[in-house]
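Everything on this sheet refers to the single structure shown next.
We name chains A, B, ... by the order of the sequence lines, and we start the count at 1 in each one.
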There are 4 protein chains.
Amino acid sequence: MPTVTTFPKSFASDNHAGVHPAVLAAIVEANTGDAPAYGADSWTRAMEDAFRAEFGDRATVYAMFNGTGANIVGLGLVLRPYDAVLCPATAHINTNECGAAERLLGTKLIPIPTENGKITVADIHDALSVLGNEHHSQPRVISISQVTECGTCYTPEEIAELAGFAHTRGLFLHMDGARLANAAAELGCPMRAITTDAGVDLLSFGGTKNGAMGAEAIVLLRPELDAPALFLRKQNMQLASKMRFVSAQLTALLTGGLWRENATHANAMAHRLADGIAGLPGVSLRHPVQSNAVFPVLPEKAIVELQRRYLFHVWDATENVVRWVTSFDTTADQVDTFTADVRLAVLGEADG
Amino acid sequence: MPTVTTFPKSFASDNHAGVHPAVLAAIVEANTGDAPAYGADSWTRAMEDAFRAEFGDRATVYAMFNGTGANIVGLGLVLRPYDAVLCPATAHINTNECGAAERLLGTKLIPIPTENGKITVADIHDALSVLGNEHHSQPRVISISQVTECGTCYTPEEIAELAGFAHTRGLFLHMDGARLANAAAELGCPMRAITTDAGVDLLSFGGTKNGAMGAEAIVLLRPELDAPALFLRKQNMQLASKMRFVSAQLTALLTGGLWRENATHANAMAHRLADGIAGLPGVSLRHPVQSNAVFPVLPEKAIVELQRRYLFHVWDATENVVRWVTSFDTTADQVDTFTADVRLAVLGEADG
Amino acid sequence: MPTVTTFPKSFASDNHAGVHPAVLAAIVEANTGDAPAYGADSWTRAMEDAFRAEFGDRATVYAMFNGTGANIVGLGLVLRPYDAVLCPATAHINTNECGAAERLLGTKLIPIPTENGKITVADIHDALSVLGNEHHSQPRVISISQVTECGTCYTPEEIAELAGFAHTRGLFLHMDGARLANAAAELGCPMRAITTDAGVDLLSFGGTKNGAMGAEAIVLLRPELDAPALFLRKQNMQLASKMRFVSAQLTALLTGGLWRENATHANAMAHRLADGIAGLPGVSLRHPVQSNAVFPVLPEKAIVELQRRYLFHVWDATENVVRWVTSFDTTADQVDTFTADVRLAVLGEADG
Amino acid sequence: MPTVTTFPKSFASDNHAGVHPAVLAAIVEANTGDAPAYGADSWTRAMEDAFRAEFGDRATVYAMFNGTGANIVGLGLVLRPYDAVLCPATAHINTNECGAAERLLGTKLIPIPTENGKITVADIHDALSVLGNEHHSQPRVISISQVTECGTCYTPEEIAELAGFAHTRGLFLHMDGARLANAAAELGCPMRAITTDAGVDLLSFGGTKNGAMGAEAIVLLRPELDAPALFLRKQNMQLASKMRFVSAQLTALLTGGLWRENATHANAMAHRLADGIAGLPGVSLRHPVQSNAVFPVLPEKAIVELQRRYLFHVWDATENVVRWVTSFDTTADQVDTFTADVRLAVLGEADG
């Protein structure tokens, strides 16, 4: 085994965390004898049941390896060759997937500038003026992230308004739910309240950041989208042969509300962190804290000082915005230690 | 947990098997605290060391989720937009990846008819007459599978001849090594003897069928291929965020010769199975047994009878060829029980 | 102006010929003042009328720059991302379009071996066994060429049988009609008898080889295919801005039966050529002459001798098959002179 | 022949004009006997000579059907699968090619907001911070339009600065020169002063808007880009079989300075038009007039009134910006008549 250097808790990303013990136990338990490959196994049936319980009886679900895979396969279900996707400029599909959407789907992403990562009907109205004109890519999907890449959440009403508008204009509403659990926990609602019931057509569901080892899914909330899903998953290299070990992870998160427990805890740690730095001189929050991420503006020297010992990302170098992310296994002690170090770095800075 | 129906051992595929205990233990041990995401972790460094020990100091390795992912990312490193891949008509990339190569790489696969899944220089000579002519896709890669989809193996000399020819004509030699371990075990040689030392340029390395949960890799044996690999893996949705859990699986297989132990056992079980049915009336082998697969021709009624209780695939329905695959956890008892049932089905058939 | 070296008439291709005077006159006449771009002009309306008169009232037509463009845009109308095209191994889309179908459509072409370039229902039956299985590209289109690349023609009945079978299995029948006019002329039937009336779903219509400067089209014979055509033509770079000059060419060919006149003449010249070499020692025809192409097998020395003075292609170097193509402007004298030279080359060869 | 309704001169686009008589004459003269297809003809050799005379001895040129074709094939020469193109948000490739770049090249276009359609080094500096990071598309090309879509021109110095910066960072500078002739005419310089000599790496050269029937080209100014050009042109459906008729058009424009004559005239008509409306109440120019396009802001009622009789586009409906384009055959009388009608519409509006 490799020697593991002990670091302080990472605040860089919720995918720096390991696997929740209950998820790992589910994997171990699934390792019993043979099982048919590619999803024709009982663990996958159980996983599908769990998703239907959460998202409604008409929901169909397809496990994927990672979030980019879920986004690409999901969007591929609704895009024609000449279609475009309207999304916030900050969307993960636009900024952090190495051009997978353009390359693998051949689609144009039309980036919409936003405050806090959220778009509204007003933001996208003008982009639809090209509908029907052969010289232009045709907007076909509105893609939103819940939680957004800025750590903010759409309310159920905001989502319903976008969905209603989309459907009026013949568009689909896609949700990148890599941190859907954190949104539902923050809003205090079932996941279906911000998906199925709000009119979302299809969803990338994130398990990995919530405590899985590596398990995401697309959830289709309109049965007519279902037909090509198996083919697109396979073709897009997202079909696991020993699928039971992916399915078992998702089932574990959806069982007994583990997803909510993990997300609620991570969110609480982010709020604790934000509270801990409130009022520090030269420190402000770029975005409101509505999930498990904090986006503070810090003095540049404090950033340098903190990055010597802690893992986290500079979000906007020109404005000294950093991103701190908490996870299911972040402890209050770890937050408090970190907060103390932040205070020292900032106040030392203020003193110096 | 779902109720698991107990089946007899599956002979349908080596991916019906579970995870080898040592691999599972490695996963569990990797679940210790935080680790940087996307491969910047110590488990991934250890995995890279293990591959270099096996394939030579110049080898670079990139973990992938599945075999199609490894094939696509690997081929993508060497294909220009107007290039074609020469491969056996039976190649997995041609027949079993739902058109991923054409869709995601935009390449033409030129299928070469073969005996036993193996191609020779003579088979592909004519296809190169179009080189330099803009009206035709340009052959750029020869892709072979080792073990082949027919369960056969190339000798080191056969591979070296293909590689030498490829290089003379400015082509690359790609190997789909989903069952590379089985080939090395059967040939009684190190894996590098049939890859690095034989002139293979790039390799899809298979861990899943050898006992992993889900872990494959591309291994680049020419340093100049390395530059775009990180980008293509990410863009092609094969980059695991919690990478350590994939890397740990591969390291486990490469540690202490576990890969060879698993492959040797699986191969032995296939030979035992073939021996067990030798001489049965109306039964013959379509392909020689050179790995962990057996391709017998059986009387049709025997096939029907056996499929009532056992999982396996009919390989060629028009000629009553079936495929039986053994795995690291297939036991001699399971083989013997199955063999006895095959004999009954065939002889009952013969009697009837 | 460049100096033009005078060659003997080319027998290499019908696209070595120039433009028919009536087509050129139509271009010149269209150069009168302004016209809306991109097809919103009266010449394009007239062209559409001409196609409806020929192919039926439900036909819609979209002018394209070249035959590859017509094939790609047409097939693009019916292919889903995971679909395959069944076509003769000799099909132009498979052998002579530099992988455009794989690259631009992302589709798999499944090559079917044939005699004389024609496929039958029996040839493609087995390829459909994968329908519904996510591991395999899904056959969606049968693509045939009329005239075939071997110069042969399907009868209306043969086409109807393929169409009927295709429709029974949920497939489309596409026709590459780069030399459709030659087929209709040879068969002595209207073009609609071998397209609309025979059940063809969509057609690449060739004007260039029939005497145009550069004008091809897709003709859609099922109205439900129409919706995405404008978008796919534009996106695939086949939308002419000064469209009237393309439309005027097509109208000229379809007016007063010019297409038939040109094709009938070209075919007659091919038959004259074949007749002229009949009975020569060591000379045979690889394919029957059913259009404007002749595929003789010649002694190798005769090929070498003739290529010193004449332009034509060696079709199959290993078997000494060459291809001679006649066009709308090939004269009987040119054929007779060529035939005499062929006789000399062959008999000189025979003597030597 | 179809009946042609007589309209007033169109100000909608320079592709509403017909073909310059000298270009048409060149086409007619090229229709003499046979010529090898696909560019192996003497007209194409002459065209290549003409381009070298204009752009320097190292320039290579490939004729294309249309501007989108030229842009796609040209960019395809330099883009790797994970690359992005930095371009003004207004770029034709971004707004008016129906997503061809994303679909056919699989590239991400990164739109840069601009004033007047021109970008500077400062505008693109930040976008390069992602270079080397696998999570992001890699900027590889800066694409500018000369003339821009706003009718403005880059000076030779501005282009040289962009080129110098691009080369320092390992990027290419691509120029969409659909109206390159208009820029050179306006700047009073040779075309090579704003291309070859300014460091442009590759160019889409526009002939159609300058008086051709349909003839564009890519011009490669770095010999190392040349190798894949024939293949990409063919694969991207831009290879004309009867190429001589495309080549002859380009040669005609480049012979005796016809390109400059046509562009100078068109530009003069645009300036005359702008002068004619100067000082009208409620009328202003959105962009300076630097080519053959005028972008006035007009009272909405005047727009409505004028569009009853004249063809032109509303450029920005929310701000009442329209676009008027002149061409090689726009006469001073036509401009004056139109100007008078504009004055009437505006002043009537002002009175009312």
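Minimum interatomic distance between A:Glu134 and C:Lys234 (heavy atoms only, all atoms of both residues): O-CG, 3.1 Å. The two residues A:Leu232 and C:Tyr82 make their nearest non-hydrogen contact at CD2-CD2, 3.9 Å.
Counting only heavy atoms from C-beta outward, the side chains of C:Pro81 and A:Gln235 approach each other to under 4.5 Å. Between C:Leu239 and A:His135, some side-chain heavy-atom pair lies under the 4.5 Å cut-off.
C:His125 NE2: 12 or fewer foreign heavy atoms inside a 6.0 Å radius.
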